[in-house]
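The structure under discussion appears below in the form of structure tokens.
In this chain, residues are counted from 1 in sequence order.
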Amino acid sequence: MTVEARAIESLLAFWSDSGVEALYGETAVDRTVTAAPWATASRPAPAAAAPTPRREAPAATPALEAPAAETLALDEARRAAAAAADLEALRAAIAAFDGCALKAGARQAVFSRGRADAPLLIIGEAPGADEDAQGAPFVGRAGQLLDRMLAAAGLTDKVFITNTVFWRPPGNRTPTPAEQALCAPFLERAIRLVKPRVLLLVGGASAKSMLKRSEGILSLRGRWFEWKSEDGALELPALPTLHPSFLLRQPAAKRKSWEDLLILAERLDRPHRPE
Ligand code: URA
């Protein structure tokens, strides 16, 4: 193999490790424009064809507007989540739910792993490639780091782990607030079924969505917040922390995460009265 080929191979491996799975051209393409593709400046227009008589389009049934479709999907998510009597029923309800567009690009739904009665419920952002392949959250490199940190803090057997969305976003992009909102009824049902004492919100996309805050994770991490259910009837202490993927890129930040885990372990050690 030539030196250039080896260099290209190693660059591709680096991108693949970093989650880059799709390559795009250097010029952005506006895919919302519905004009014929040759109607751009860079391509010559085809020879003009003889004008064809214009035909009126048949009256179509009005398509469902996007917001209306989203409202229907959210209603369906709420109904399906509320009907799930236990975590296995909830897992099945998530797998059967077709209202989240992420499902179309994913291999399978990724719901949870861990103890069904865990005192600590960990909420990540979204499944990645390894999770999509294996059907369980945090099983890739970031998950292995998370497991090592939980073990070091003595928390391994105390956790239930899930995400803000249950299907892998394409190219590992951050899930949108709309996608998180559609999955939220299932996540809230999981919280009600597990009945944890504390939530750990891993990464900015999880912390912002669960706490409805706009600050970045570096400002939110290491501080206690109150998570509230949609109806306001349930409240739980929630601690945002850095995402292990970030720690893989910035190992010096592990010290901050360790501080967060100690704060968390101390709270879980406090005596409490079961409800
Ligand atoms: N990152 C997450 O936020 N969740 C996973 O399940 C895996 C990686």
Side-chain angles (χ1 to χ4, degrees), residues 19 21-22 28 30-32 63-82 90 93-95 97-106 108-112 121-129 131-132 137-138 142 161-192 196 199-221 223-246:
E21 293 189 335
D30 185 350
R31 296 182 198 282
T32 61
L64 216 48
E65 294 291 326
E70 246 166 49
T71 308
L72 284 182
L74 187 57
D75 287 348
E76 172 56 16
R78 288 194 181 115
R79 194 204 52 71
L90 185 58
I94 291 170
F97 180 61
D98 290 327
C100 179
L102 290 176
K103 184 175 186 176
Q108 57 184 320
V110 175
F111 175 40
S112 71
L121 196 144
I122 299 179
I123 303 171
E125 298 185 355
E131 291 74 23
D132 186 47
F138 281 107
I161 304 179
T162 187
N163 280 304
T164 62
V165 297
F166 306 110
W167 294 271
R168 179 196 183 198
N172 289 349
R173 67 160 168 75
T174 305
T176 65
E179 290 157 355
Q180 291 174 315
L182 277 173
C183 294
F186 297 109
L187 180 53
E188 182 170 323
R189 185 75 186 132
I191 295 172
R192 287 181 183 275
L199 304 179
L200 181 67
L201 310 177
V202 173
S206 168
K208 287 183 194 178
S209 157
M210 296 302 289
L211 302 175
K212 317 240 180 308
R213 312 266 311 201
S214 57
E215 301 100 305
I217 188 64
L218 287 170
S219 120
L220 294 172
R221 64 145 283 271
R223 295 193 278 145
W224 286 106
F225 293 86
E226 208 60 26
W227 169 82
K228 280 195 178 61
S229 60
E230 201 188 3
D231 63 4
L234 179 62
E235 290 189 5
L236 281 174
L239 185 73
T241 193
L242 301 173
H243 197 285
S245 303
F246 176 75

Any idea which heavy atoms bring [X] and [Y] closest together, and the distance?
| X | Y | result |
| --- | --- | --- |
| F138 | T162 | CE1-O, 4.4 Å |
| C100 | C183 | SG-SG, 4.3 Å |
| A142 | P244 | O-CB, 3.4 Å |
| P240 | A207 | CB-CB, 3.8 Å |

>> For D231 and R78: C-alpha separation, side-chain torsions, deciding distance, then whether salt bridge (Lys or Arg N to Asp or Glu O under 4.0 Å) applies.
In response: CA-CA 12 Å; D231 63 4; R78 288 194 181 115; over 6 Å; no
>> Parallel, tilted or perpendicular: which one describes the rings of F166 and F186, with boundaries at 30° and 60°?
In response: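 The rings of F166 and F186 stand perpendicular, inter-plane angle above 60°.
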> Crowded around E230 CD? As in, over 12 foreign heavy atoms under 6.0 Å?
Replying inline: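 No, not enclosed.
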> So do the side chains of L234 and W227 get within less than 4.5 Å of each other, counting heavy atoms only?
Replying inline: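 Touching, per the 4.5 Å side-chain cut-off.
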> Is the backbone of V165 close enough, under 3.5 Å, to the side chain of E125 for a donor and an acceptor to pair up by distance?
Replying inline: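 Flag not set: sc E125 to bb V165 has no pair under 3.5 Å.
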> For R223, what residues pass the salt bridge (Lys or Arg N to Asp or Glu O under 4.0 Å) criterion, not counting sequence neighbours?
Replying inline: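 Counting only residues at least two positions away or on another chain, R223 forms no salt bridge (Lys or Arg N to Asp or Glu O under 4.0 Å).
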> What residue among L187, N163, V202 forms side chain to side chain contact (heavy atoms under 4.5 Å, CB included) with I123?
Replying inline: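 Option passing the side chain to side chain contact (heavy atoms under 4.5 Å, CB included) with I123: L187.
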> After noting the C-alpha distance and the side-chain angles of R173 and E179, does the key distance pass the salt bridge (Lys or Arg N to Asp or Glu O under 4.0 Å) rule?
Replying inline: CA-CA 12 Å; R173 67 160 168 75; E179 290 157 355; 2.8 Å; yes
